[in-house]
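A short worksheet on the structure shown next.
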Number of protein chains: 2
Amino acid sequence: MAAPLEPAQMRTYFALTEAVSLLQHAVQQQLQAEGGLSYVQFEILAKLVDAGRALSMTELADGVVYSRSGLTHQAALLQRSGLISRHSDPQDQRATLVEITTEGRDRVARVLPGHIQVVRRLLFDPLSDQDVSALGDIMSRALQQMRALPPRSAAPRRRERSGPR
Amino acid sequence: MAAPLEPAQMRTYFALTEAVSLLQHAVQQQLQAEGGLSYVQFEILAKLVDAGRALSMTELADGVVYSRSGLTHQAALLQRSGLISRHSDPQDQRATLVEITTEGRDRVARVLPGHIQVVRRLLFDPLSDQDVSALGDIMSRALQQMRALPPRSAAPRRRERSGPR
DNA sequence: TATTGTTATACTCTATAACTATA
DNA sequence: TATAGTTATAGAGTATAACAATA
């Protein structure tokens, strides 16, 4: 039997999940309203802007939790909207290089101020510099842990769902 | 023009969103694998257990971001699985009272240990008691702010989507 | 034989609008 | 007239499996 969480841990867990849930919801609303973008689509565009170069589908998928087919689908939508372009990599004909278009950059530029405003209003406004620093420190440590941990199932390869659907 | 976030804020925002995203993903996997429950379904059941009494659909919707129809849909699924029951409220014939069944309680009991284990392993293990306390404090303050703020659109009632879909 | 990516398909989730019934 | 909830329907997101092409 697993011991229950301590009361302080419970409080923290609930505050964290609920706050982030509200924040995510607000951000998604803003991105959709001001740019017609889902959060995932924004993430893809932001990643391309941040990289400053074309990225392969595999590189794009890194850090995103999606399946390859899910990424292909989103990339197809973004391409149809003219926000990215895709070409096969001359170096490796199997790979697809994804590049952000000028229109894509413009779209990011259009939604970014509102995005920042939401995050600031909802998250940072009530926090002191010390809070921000402590929060960043704590979550960075948690993140390191999450990345270091093996996936929960013992199976290293082709993990399959074990439970009832 | 909105000023960009400060570097420390950026770092914190990214660490927070990525860590919570990984945590959510792990939790969702666990709930699905061990209990065949989506996170929303688990939330509904947990809320009923926590309340210790039957709740109306409106009460259930409180704190959840969903539309009424979404909640109706999820409740229908849970009822079909025998995890909740629904009856109309004798006090107010318009209302539907939702009650968790024994099977529903069993299901919660079945998934809870694994749920706790995931949260502990991914989030709390690398944190000190001070960290947990600080994190809870900070996120509670942010949460308070989020609840206090008016929705972003000025329209108080029937807000409509203003941007392109 | 392994890797990269796409396609086909199906399922889940959520939302909007219209509707019923009750207050 | 307002509120509680459901239904019908549609759209978006994600996943699995099968597939094609290249390494």
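Here is how names work: the chains are called A, B, and so on, in the same order as the sequence lines, proteins then strands, and each is numbered from 1. Since this is a predicted model, take the numbers as computed values, not measurements.
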[X] [atom1] to [N] [atom2]: how many Å, rounded?
X        : N       : atom1 : atom2 : value
Leu55(B) : dG5(D)  : CG    : P     : 11 Å
Gln29(B) : dT14(D) : CD    : P     : 14 Å
Leu97(A) : dT4(C)  : CG    : C1'   : 12 Å
Leu37(A) : dG11(D) : CG    : P     : 20 Å
Phe42(A) : dG13(D) : CZ    : C1'   : 19 Å
Ile44(B) : dG5(D)  : CD1   : P     : 13 Å
Gln91(A) : dA23(D) : CD    : C1'   : 13 Å
Gln32(B) : dC11(C) : CD    : C1'   : 11 Å

Inset, instruction - Apply the side chain to side chain contact (heavy atoms under 4.5 Å, CB included) test between Arg121(B) and each candidate in Leu123(B), Val118(B), Val119(B), Asp125(B); give the one that qualifies. - result: Asp125(B)
Inset, instruction - Assess whether one donor atom and one acceptor atom, taken from the side chain of Ser69(A) and the base of dT16(D), lie less than 3.5 Å apart. - result: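 Per atom types, the contact qualifies.
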Inset, instruction - Decide yes or no, distance alone: a donor-acceptor N/O pair under 3.5 angstrom between the base of dG5(D) and the side-chain of Arg68(B). - result: yes
Inset, instruction - List the steps, then state whether side-chain contact (heavy atoms from CB on, under 4.5 Å) holds for Ile44(B) with Leu71(B). - result: CA-CA 9 Å; Ile44(B) 292 172; Leu71(B) 180 58; 3.7 Å; yes
At 4.0 Å (heavy atoms only), tell me whether [X] reaches a base, stays on the sugar-phosphate, or touches nothing.
X        : answer
Leu77(A) : sugar-phosphate
Asp92(A) : sugar-phosphate
Thr96(A) : sugar-phosphate

Inset, instruction - For Ser140(B) and Asp137(B), test the side chains for any donor-to-acceptor distance below 3.5 angstrom and give the result as yes or no. - result: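 Result is no, nothing qualifies.
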Inset, instruction - State plainly whether one hydrophobic cluster holds both Leu77(A) and Leu31(A), where clusters connect Ile, Leu, Val, Met, Phe, Trp and Tyr through side-chain heavy atoms under 4.5 angstrom apart. - result: no
Inset, instruction - For Thr58(A) and for Asp89(B), find the nucleotide of DNA chain C with the closest heavy atom, then tell me which residue's nucleotide is more 5'. - result: Thr58(A)
Inset, instruction - Would you kindly compare Val40(A) and Arg94(A) by the position of their nearest DNA chain D nucleotide and give the one closer to the 5′ end? - result: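 Nearest-nucleotide comparison on DNA chain D picks Val40(A).
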Inset, instruction - Please lay out, stage by stage, how Phe42(A) and His115(A) fare under the test side-chain contact (heavy atoms from CB on, under 4.5 Å). - result: CA-CA 10 Å; Phe42(A) 173 73; His115(A) 180 99; 3.7 Å; yes
Report yes if a side-chain nitrogen or oxygen of [X] is closer than 4.0 Å to either non-bridging phosphate oxygen (OP1 or OP2) of [N]; otherwise report no.
X        : N       : answer
Ser38(A) : dG13(D) : yes
Gln74(B) : dC13(C) : yes
Arg86(A) : dT6(C)  : yes

Inset, instruction - Identify which nucleotide among dT16(C), dT22(D), dT22(C) has an atom closest to any side-chain atom of Gln93(A), counting heavy atoms from C-beta outward. - result: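 My answer, after comparing the listed nucleotides, is dT22(D).
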